[in-house]
Amino acid sequence: MEIKKVYDPGSIEERWYRYWIEKRLFVADPCSDKPPFSMVIPPPNVTGSLHMGHALNNTLQDVLVRYKKMDGFNVLWLPGTDHAGIATQNVVERMLREKGISRDDLSREEFLQEIWKWKDLYGKRIIHQLQRLGAGCDWTRERFTMDEGLSRAVRIVFNRLFEEDLIYRERYMVNWCPRCGTALSDLEVEHREVRGRLYYIDYPLKDGNGSITIATTRPETMLGDTAVAVHPEDERYRRFHGKELILPLTGRVIPVVTDDYVDASFGTGALKITPAHDPNDFVIGKRHGLPQITVIGKDGRMTPEAGERFAGLDRFRCREEVVEALKALGLLSKVEEHTHAVGHCYRCDTVIEPLITLQWFVKMAPLAEPAIEAVRSGRIRFIPKGWENTYFSWMEGIRDWCISRQIYWGHRIPVWYCGHCDGDRIIMDVKGEGEFTYSDLRKRFSHEEILSMVKDYRIEEMGRDSMIPSESAPEACPRCGGKELVQDPDVLDTWFSSALWPFSTMGWPEKTKELEVFYPTSTLVTSFDIIFFWVARMIMMGLKFMGDVPFRDVYIHALVRDIHGQKMSKSRGNVIDPLVMMERYGTDALRFTLVALAAQGRDIRLSEERMEGYRNFVNKVWNASRFVFMGLDGYRGEEGEMGLMERWILSRLQKVIEEVRTSLDEYRFNDAASTLYQFLWHEFCDWYIEASKPILRGEMGEERKRGTQWCLLHTLGTILKLLHPFMPFVTEEIWNGMGNEGSIVLERYPLPDPSLVDEEALEEASFLMEVVKGVRNVRVEASIPPTRPLEILYMGKEGDRWLEVLKREEWLLKALARVSCLTPVDKRPFPAAPLILKEGDLFVSLKGVIDLEGERRRLEKKKASLLEELALVERRLSNKDFLNRAPREVVEREKGRREDLSRKIAKIQEQMEWIRAV
RNA sequence: GGGCGGAUAGCUCAGGUGGUAGAGCGCUGCCCUUACAAGGCAGAGGUCACAGGUUCGAGUCCUGUUCCGCCUACCA
């Protein structure tokens with residue numbers, strides 16, 4: 001049998017993945033009588049590409065899925081993709097722009113067709129990449145947020161919320177991205193510290209008696225000022241109360257108002273009020289009944305309201321112009337450096353403009369209340385628990401959610417308007433002709449003609465009675481029976497549909513078997529940056545529409561950063577591409593690296609070096625298996641006779657099984673990974689395989705050989721099963737190479753067998769290993785050639801436990817430490833190096849060793865560390881309080897240590913005297 | 001402004017209920033020993049950020065300080 005010396009992942013991964021899919025191993029069975037374990041995937045963007053965050057997220061889910069599957073659960077891991085409204089639309093717009101086509105050149109329908117084309121072209125890419133990662137998803141149930149079923153769920157949810165008055169449409173100040181041309185929710189705004197300036201501007205009193213100086217970071221908005229506010233208690237401004245000012249550059253007369261909001265200690269203590277362009281001013285303006293003057297338009301340019309001089313200018317250009325103009329008038333009294341947080345669009349990084357527009361909102365407080373309770377009561381558990389506070393603090397201060405987006409790609413708001421009843425409030429943009437009301441157009445054209453000639457339209461404010469919400473396109477207006485209906489042009493925030501994901505993907509609102517069996521899902525695995533965007537909203541919607549939480553456990557994993565702790569980004573150029581890593585090191589190595597580094601509550605700093613280390617581990621697994629195969633000649637599966645090392649490795653194996661299971665159950669992925677790493681490499685390979693070599697050579701007889709073969713095979717098989725969730729490909733390849741029938745996926749995840757834990761074997765084996773290490777140490781330190789056999793001597797009498805163990809297992813010393821023979825002696829032998837062990841007085845013969853300098857060095861080193869330790873123990877034991885208050889067993893242990901240390905030191909002392917004498 | 005997390009070996013990090021500080025990588029020396037040089041053996045390396053406190057005993061619990069992250073906020 002030819003097995004390659006180096007594991008080659010490239011040649012087998014695709015083959016096994018295809019096999020798993022063909023055998024339908026990950027297809028869930030709603031009729032199974034096994035206990036269910038279900039998860040829904042955090043759906044990646046349809047046209048996205050796999051990055052390290054996805055790789056980590058899906059590896060962790062896959063570990064759980066494979067573990068639970070092997071552990072006897074009926075597993076559903078439901079996959080799918082998200083339409084990612086703004087992100088996808090932006091990508092397609094950019095693509096079109098490169099072809100010289102702008103969004104305005106296309107009709108809504110044409111533009112949507114382009115996006116669908118794009119989606120069809122790239123939509124499968126991320127799915128293939130997840131498959132490449134080995135993800136054991138049930139692909140027969142793959143969903144897309146804009147599938148018909150999920151879209152229907154969206155419409156029904158919208159309608160129900162609308163009926164209950166939890167959705168409303170209002171003219172309100174929202175975050176507007178002038179580049180994307182749409183409103184955003186508060187969460188979609190990224191606040192960043194920006195170094196700007198604070199401009200001090202004088203506003204003269206109308207009566208000519210001086211002026212008030214205000215401070216602002218946005219001078220261009222002064223063109224829309226409708227008041228200046230001061231704190232009512234601020235003595236400096238008492239004489240201005242009720243006075244009027246002349247707004248520079250416009251000549252508009254504005255009042256001085258008093259408001260508690262004003263912080264007298266900031267700037268000059270006088271605050272200019274621009275109700276149309278600042279969220280605070282908006283509120284203050286309402287409080288004082290101030291007019292809202294919109295001077296910045298949706299395109300980020302100044303409106304005609306800004307005055308002839310500034311109209312049409314970009315808002316930032318206008319800032320400069322305003323400053324220049326004020327300077328020329330001598331009204332700019334001071335400019336200071338000032339850093340402050342500025343909102344940026346999370347999709348395109350453009351500076352957000354607060355604008356008053358008509359938008360749709362979800363009333364959040366009533367939905368949040370039960371969602372808070374669900375976590376507080378423990379029905380939902382965050383892991384690590386610390387995230388619950390983050391969740392509470394956001395939920396408790398939750399604000400209404402702006403859900404309308406002025407883009408094309410997404411779920412249309414399922415509300416219609418009647419052209420006959422409300423045509424005056426439907427404003428249509430006719431290509432090249434300007435704006436007309438529907439009513440006006442209708443005088444000249446038919447309904448169908450209007451729809452075909454209109455590029456865009458908007459719906460002016462109107463009462464709830466005028467809105468016709470519906471789960472599907474309504475036949476007629478319920479008031480007039482007219483059939484000239486127009487649907488709201490806006491689409492919903494992408495996260496609106498994502499919020500329904502755990503149940504919309506399982507067929508809701510139908511009462512499906514899937515929902516019955518798999519909802520609530522067991523676990524959600526995601527990262528903290530979407531706790532608000534997604535996790536919280538799923539909880540609210542799940543409770544509202546399913547009457548139950550969407551999941552029990554929320555495992556929040558780390559963010560993957562580069563080795564310096566920087567977020568990976570294309571612009572920083574520090575991206576480690578998982579696809580490249582899979583190509584270079586194999587998928588199993590990538591997965592194992594991510595899992596091994598995924599400690600709770602800390603970010604992952606990823607480096608390629610690390611990956612190389614785990615690639616080596618995968619190779620180690622491969623070669624350990626290769627060794628086992630090679631030692632199998634003529635073996636038929638008999639059990640044979642077990643020796644000490646067999647009993648030892650089997651005992652250790654039971655403990656490892658237990659540890660791995662507990663770690664996985666507690667989402668301590670990294671602990672599970674490192675337990676397996678240490679066991680396979682440093683126990684199974686370093687000790688057991690080494691010890692098995694002479695036996696396989698037949699040196700201990702046939703019975704022992706068969707026992708060892710059984711044990712090698714059994715232990716390796718168990719390790720492979722334990723490792724399978726972490727490194728599915730190599731384990732499957734080896735498992736099948738071992739002549740097993742069927743996939744390792746279908747194997748039972750190992751259970752610990754307490755009857756195999758042999759405490760005596762654990763003790764004796766660890767004693768022997770100490771002896772071996774001691775002998776090796778003497779050899780190296782005394783520069784004895786590795787090939788030269790050594791005699792070891794045991795001081796004591798026949799019948800001593802450790803002497804008996806040594807005699808029984810002498811072969812092991814010969815094999816692992818090149819010991820030639822073991823000789824019992826009754827007094828201290830010379831020349832010989834003592835082994836400083838816990839048990840037994842053992843010596844390595846130094847006959848013929850000329851240079852004792854190395855031996856002296858070894859003893860010096862050992863003595864120094866023992867003395868240090870002894871000092872510590874002495875100090876403790878000389879403390880009366882310790883003797884009186886510490887638990888008895890702790891005191892006893894310390895006393896034992898003292899004796900042990902003293903004995904060892906004495907031994908060294910004796911040896912050093914001997915060396916000096918020579 | 002509020003909140004959270006971090007500071008442990010040269011580097012990256014583990015260290016559930018307080019009781020002898022660990023891993024990987026890197027480093028040093030010796031080994032191509034027929035599973036694996038992507039390897040083996042042996043080793044060096046730590047005042048656990050700082051200052052107090054609780055305790056017989058603190059990397060671990062409490063308080064404060066410094067320095068880094070991150071989240072959040074209507075600081076004009």
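Keep in mind the model is a prediction, meaning the values are calculated, not measured. Every chain is numbered from 1, with letters handed out A, B, ... down the list of sequences.
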Expected output: side-chain [X] to main-chain [Y] donor-acceptor under 3.5 Å:
{"X": "A:D278", "Y": "A:D281", "result": "yes"}
{"X": "A:H191", "Y": "A:V189", "result": "no"}
{"X": "A:R876", "Y": "A:V891", "result": "no"}
{"X": "A:Q709", "Y": "A:G631", "result": "yes"}
{"X": "A:E388", "Y": "A:F382", "result": "yes"}

How long is the line joining [atom1] of [X] and [atom2] of [N], in whole Å?
{"X": "A:R779", "N": "B:C41", "atom1": "CZ", "atom2": "P", "answer": "14 Å"}
{"X": "A:I576", "N": "B:U12", "atom1": "CD1", "atom2": "C1'", "answer": "12 Å"}
{"X": "A:D881", "N": "B:U55", "atom1": "CG", "atom2": "C1'", "answer": "10 Å"}
{"X": "A:E193", "N": "B:C71", "atom1": "CD", "atom2": "P", "answer": "12 Å"}
{"X": "A:W387", "N": "B:C71", "atom1": "CH2", "atom2": "C1'", "answer": "8 Å"}
{"X": "A:R776", "N": "B:U33", "atom1": "CZ", "atom2": "C1'", "answer": "12 Å"}
{"X": "A:I214", "N": "B:A76", "atom1": "CD1", "atom2": "C1'", "answer": "9 Å"}
{"X": "A:E868", "N": "B:G45", "atom1": "CD", "atom2": "P", "answer": "10 Å"}

Using a heavy-atom cut-off of 4.0 Å across all strands, would you classify [X] as base, sugar-phosphate, or nothing?
{"X": "A:G774", "result": "nothing"}
{"X": "A:K880", "result": "nothing"}
{"X": "A:D671", "result": "sugar-phosphate"}
{"X": "A:A270", "result": "base"}
{"X": "A:N777", "result": "sugar-phosphate"}

### Message
From C-beta outward on A:K861, which listed nucleotide comes closest to its side chain: B:A76, B:C56, B:A44?
### Response
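In terms of side-chain proximity for A:K861, the closest of B:A76, B:C56, B:A44 is B:A44.
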If we call it a pair only when both distances are under 3.5 Å in a Watson-Crick or G-U wobble match, what pairs with [N]?
{"N": "B:U55", "result": "none"}
{"N": "B:U17", "result": "none"}
{"N": "B:C50", "result": "B:G64"}
{"N": "B:U34", "result": "none"}
{"N": "B:G69", "result": "B:C4"}

### Task
Flag the pair A:E781 and A:R858 as a salt bridge only when some basic side-chain nitrogen lies within less than 4.0 angstrom of an acidic carboxylate oxygen.
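No, this pair does not count.
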#### Entry: Pair A:K4 + A:D8, salt bridge at N-O below 4.0 Å
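Looking at A:D8 together with A:K4, the answer is yes, because their closest N to O distance falls below 4.0 Å.
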When the [atom1] atoms of [N] and [M] are considered, how many whole Å apart are they?
{"N": "B:U60", "M": "B:A7", "atom1": "P", "value": "11 Å"}
{"N": "B:U63", "M": "B:A58", "atom1": "C1'", "value": "15 Å"}
{"N": "B:C48", "M": "B:G22", "atom1": "P", "value": "15 Å"}
{"N": "B:A76", "M": "B:C50", "atom1": "P", "value": "39 Å"}
{"N": "B:U8", "M": "B:A49", "atom1": "P", "value": "6 Å"}
{"N": "B:A9", "M": "B:U65", "atom1": "P", "value": "25 Å"}
{"N": "B:U17", "M": "B:C61", "atom1": "C1'", "value": "12 Å"}
{"N": "B:U55", "M": "B:C62", "atom1": "P", "value": "16 Å"}

Is the [X] to [Y] ring centre distance short of 6.0 Å?
{"X": "A:F532", "Y": "A:Y391", "result": "no"}
{"X": "A:Y346", "Y": "A:F533", "result": "yes"}
{"X": "A:Y614", "Y": "A:Y677", "result": "yes"}

#### Entry: Partner of A:Y237 by side chain to side chain contact (heavy atoms under 4.5 Å, CB included), out of A:V262, A:V256, A:T268, A:T258
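When A:V262, A:V256, A:T268, A:T258 are each tested with A:Y237, the side chain to side chain contact (heavy atoms under 4.5 Å, CB included) holds only for A:T268.
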### Message
Using a strict heavy-atom distance below 4.0 Å, which residues from residues 658-670 of chain A are in contact with RNA chain B?
### Response
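Nothing qualifies; none.
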### Task
Sorted by first residue and then second, give each salt bridge (Lys or Arg N to Asp or Glu O under 4.0 Å) pair with at least one member in residues 608-631 of chain A; sequence neighbours left out.
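Sorted pair list: A:R584-A:E608.
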Under 3.5 Å, which protein N or O atoms sit close to an N or O of nucleotides 7-9 of chain B? Give each pair with its distance.
residue: B:A7; atom: OP1; partner: A:R602; partner atom: NH2; Å: 3.4

### Task
With rounding to the nearest 0.5 Å, note down the distance linking OG1 in A:T587 to CE in A:M582.
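That separation rounds to 5.0 Å.
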Distances under 3.5 Å only, N/O to N/O: pair up the protein atoms with those of nucleotides 19-24 of chain B.
residue: B:G19; atom: O2'; partner: A:R893; partner atom: NH2; Å: 2.5
residue: B:U20; atom: O4'; partner: A:R897; partner atom: NH1; Å: 3.4
residue: B:U20; atom: O2; partner: A:E869; partner atom: OE2; Å: 2.9
residue: B:U20; atom: O2; partner: A:R897; partner atom: NH2; Å: 3.0
residue: B:A23; atom: O3'; partner: A:Q678; partner atom: NE2; Å: 3.2
residue: B:A23; atom: O2'; partner: A:Q678; partner atom: NE2; Å: 3.3
residue: B:G24; atom: OP1; partner: A:H682; partner atom: NE2; Å: 3.1

### Task
Answer whether the closest heavy-atom distance between the side chains of A:W811 and A:E699 falls below 4.5 Å.
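Heavy-atom side-chain distance check fails, nothing below 4.5 Å.
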### Task
Apply the test salt bridge (charged side-chain N to carboxylate O under 4.0 Å, His left out) to residues A:K838 and A:E770: give CA-CA distance (whole Å), side-chain angles for both, the deciding distance (0.1 Å), then the verdict.
CA-CA 9 Å; A:K838 233 181 7 247; A:E770 286 307 309; over 6 Å; no
Would you tabulate the nitrogen or oxygen pairs shorter than 3.5 Å linking the protein to nucleotides 34-38 of chain B?
residue: B:A35; atom: OP1; partner: A:K693; partner atom: NZ; Å: 3.2
residue: B:A35; atom: O3'; partner: A:R626; partner atom: NH2; Å: 2.8
residue: B:A35; atom: O2'; partner: A:N623; partner atom: OD1; Å: 2.8
residue: B:A35; atom: O2'; partner: A:R626; partner atom: NE; Å: 2.9
residue: B:A35; atom: O2'; partner: A:R626; partner atom: NH2; Å: 2.9
residue: B:A35; atom: N7; partner: A:K693; partner atom: NZ; Å: 3.4
residue: B:A35; atom: N6; partner: A:C685; partner atom: O; Å: 3.4
residue: B:A35; atom: N6; partner: A:E690; partner atom: OE2; Å: 3.2
residue: B:A35; atom: N3; partner: A:N623; partner atom: O; Å: 3.1
residue: B:A35; atom: N3; partner: A:A624; partner atom: N; Å: 3.4
residue: B:C36; atom: OP1; partner: A:K5; partner atom: NZ; Å: 3.3
residue: B:C36; atom: OP1; partner: A:R626; partner atom: NH2; Å: 3.3
residue: B:C36; atom: O4'; partner: A:N623; partner atom: OD1; Å: 2.9
residue: B:C36; atom: O4'; partner: A:N623; partner atom: ND2; Å: 3.4
residue: B:C36; atom: O2'; partner: A:N619; partner atom: ND2; Å: 3.3
residue: B:C36; atom: O2'; partner: A:N623; partner atom: ND2; Å: 3.3
residue: B:C36; atom: O2; partner: A:K620; partner atom: NZ; Å: 3.0
residue: B:C36; atom: N3; partner: A:K620; partner atom: NZ; Å: 2.9
residue: B:A38; atom: O4'; partner: A:N616; partner atom: OD1; Å: 3.1
residue: B:A38; atom: O2'; partner: A:N619; partner atom: ND2; Å: 3.3
residue: B:A38; atom: N3; partner: A:R615; partner atom: NE; Å: 2.8

### Task
Sequence neighbours left out, what passes side chain to side chain donor-acceptor pair (under 3.5 Å) with A:Q292? Give chain and number order.
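Listed in chain order: nothing, the list is empty.
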